[in-house]
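Worth saying up front: this structure is predicted, and the values here are computed from it rather than measured.
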There are 2 protein chains.
Amino acid sequence: MKLITRDTDYAIRALCFIAKCEKEIVPVSELNRNLRIPGPFLRKILQILNKKRLLRSYKGKGGGFMLALAPNKIFLADLIEIFQGSLKLNECIFKKRICPDRKTCKLKKRIDNIQKQVISELKDITLASLLDEVRTYRAKGA
Amino acid sequence: MKLITRDTDYAIRALCFIAKCEKEIVPVSELNRNLRIPGPFLRKILQILNKKRLLRSYKGKGGGFMLALAPNKIFLADLIEIFQGSLKLNECIFKKRICPDRKTCKLKKRIDNIQKQVISELKDITLASLLDEVRTYRAKGA
DNA sequence: CAAAATGATACTAATCTGGTATCATTATAA
DNA sequence: TTATAATGATACCAGATTAGTATCATTTTG
Ligand code: SF4
Ligand code: SF4
């Protein structure tokens with residue numbers, strides 16, 4: 001069982017690369033050259049990040065993507081939310097039916113508890129904290 | 001994303017039922033009558049628990065399953081291990097290839113850390129702690 | 001021997017994850 | 001003003017995992 005799926009992982013790598021890149025605006029082609037991520041898949045991911053306002057995109061020649069937020073304002077918890085939906089360690093739903101024991105189930109209570117802890121850990125993790133060293137970031141508002 | 005899959009959940013419910021049951025040896029047919037779990041699936045699960053020595057099974061008329069351990073010796077962590085393999089929140093393997101960044105990746109370090117916490121939480125959860133009230137358990141060694 | 005139980009195992013169905021393919025749109029620069 | 005280099009939108013496909021069935025063999029007891 002994975003806490004982060006591949007989309008999320010790829011997204012993080014791409015964001016890190018963009019954050020550290022000399023250029024402010026980075027085209028997918030550049031990412032393709034540097035990261036080992038399937039091209040079209042990566043593109044899809046970046047488009048999603050754009051829609052979700054973590055990236056800003058520029059079309060046309062010379063275009064590409066740039067960070068819309070400073071790396072210390074980008075949280076892993078948000079990326080997980082975007083690509084995997086809100087983190088739930090146990091939904092207690094079978095075949096679209098809610099488990100009838102949900103109110104009293106002790107197991108559920110325990111898992112809910114663990115979940116809270118995980119989420120609070122996740123909220124501490126920013127993109128900035130994942131960069132090896134903060135090199136050439138120049139976005140406004142950093 | 002789920003911390004426990006359905007097998008594990010079913011296993012817990014079944015074990016709870018057996019633990020609380022008047023009879024020491026409980027046939028699957030009895031569980032079927034009381035739990036909303038697909039019959040053949042539950043059987044498979046119990047057979048696995050038997051192989052893994054959490055249950056003891058008795059064949060033939062009057063047979064069934066009984067707990068092989070006291071409920072306070074049955075750990076959720078073990079059930080997860082049995083049905084889902086060893087808990088890894090991020091395996092860092094893509095297409096059977098290990099991610100080349102594994103040594104240095106800060107993300108991995110963070111997730112490994114969370115994983116440790118989750119595992120330690122899980123080790124605290126016993127079957128006994130999931131029973132509403134310990135009623136009629138009479139297994140040896142309790 | 002019949003009935004009631006588990007043992008073993010192979011198969012199928014549904015869902016989720018990871019990834020492609022295609023065509024449309026936009027912006028720049030020669 | 002047109003070729004080119006970029007993203008936008010969307011539909012599709014493939015593999016893996018999870019969930020569940022089906023079948024037949026074996027054992028035990030009355
Ligand atoms: S039994 Fe408890 S944990 Fe399992 S699905 Fe129902 S409520 Fe959730
Ligand atoms: S990038 Fe880090 S987290 Fe993602 S797979 Fe590689 S090592 Fe694991």
Spacing of A:L46 atom CG and A:K44 atom NZ [to the nearest 0.5 Å]: 12.0 Å
Could you list all the salt bridge (charged side-chain N to carboxylate O under 4.0 Å, His left out) pairs where at least one residue sits in residues 111-124 of chain B, not counting sequence neighbours? B:K108-B:D112
C:dG7 P sits how many Å from B:R56 CZ, rounded? 13 Å
Length of the CG-P vector between A:L42 and D:dT7, whole Å: 10 Å
Which residues pass the side chain to side chain contact (heavy atoms under 4.5 Å, CB included) test with B:R97, sequence neighbours left out? none
Starting at CZ of A:R53 and ending at C1' of D:dG8, how long is that distance when rounded to a whole Å? 14 Å
Protein N or O to nucleotides 9-14 of chain D N or O, pairs below 3.5 Å:
residue : atom : partner : partner atom : Å
D:dA9   : N7   : A:Q47   : OE1          : 3.3

Given C:dG7, C:dG19, D:dT21, the nucleotide with the shortest approach to the side chain of B:P38: D:dT21
For A:E81, what residues pass the salt bridge (Lys or Arg N to Asp or Glu O under 4.0 Å) criterion, not counting sequence neighbours? none
Which residues satisfy the side chain to side chain contact (heavy atoms under 4.5 Å, CB included) test with A:K61, sequence neighbours excluded? none
Rounded to whole Å, CZ of B:F65 lies from P of C:dA5 at a distance of 12 Å
Over how many whole Å does the gap from A:K95 atom NZ to C:dT15 atom P extend? 6 Å
How close or far is atom P of C:dG18 from atom CD1 of A:I48, stated in whole angstroms? 12 Å
Show which residues join B:I98 in its hydrophobic cluster (side-chain heavy-atom contacts under 4.5 Å, direct or indirect), or state none. B:I93
Listed by chain and number, what are the salt bridge (Lys or Arg N to Asp or Glu O under 4.0 Å) partners of B:R53, not counting sequence neighbours? none
What residues, two or more places apart in sequence or in another chain, satisfy side chain to side chain contact (heavy atoms under 4.5 Å, CB included) together with A:T8? A:I4, A:T5, A:I12, A:L76, A:L79, A:I80, A:F83, A:Q84
Enumerate all atom pairs, one protein N or O and one N or O from nucleotides 26-30 of chain C, separated by less than 3.5 Å.
residue : atom : partner : partner atom : Å
C:dT26  : O4'  : A:K59   : NZ           : 3.2

Distance col, row A:I111:CD1 vs B:L122:CG, nearest 0.5 angstrom, shows 7.5 Å
Has A:K96 got a side-chain N or O lying under 4.0 Å from the OP1 or OP2 atom of C:dA14? no
Taking only side-chain N and O atoms of A:S29, does any of them lie within less than 4.0 angstrom of OP1 or OP2 on D:dA5? no
Rounded distance in Å - CG (A:L46) to C1' (D:dA6): 13 Å
Candidate nucleotides C:dA21, D:dA6, D:dT21, ranked by approach to the side chain of A:P40 - the nearest: C:dA21
Partners passing salt bridge (Lys or Arg N to Asp or Glu O under 4.0 Å) against B:R36 (at least two apart in sequence or in another chain): A:D101
Could you check A:V26 against A:M1 and say which one's nearest nucleotide on DNA chain D is further toward the 5' end? A:V26
Keeping the roles fixed (side chain from A:N34, backbone from A:E30), state whether a donor-acceptor pair exists under 3.5 Å. yes
Sequence-distant partners of A:R43, salt bridge (Lys or Arg N to Asp or Glu O under 4.0 Å), two or more places apart: none
At a heavy-atom distance below 4.0 Å, what parts of residues 3-16 of chain A sit against DNA chain C? A:T5, A:R6, A:D7, A:Y10
Nearest-Å distance for atom pair CD1/P, residues A:I37 and C:dG19: 10 Å
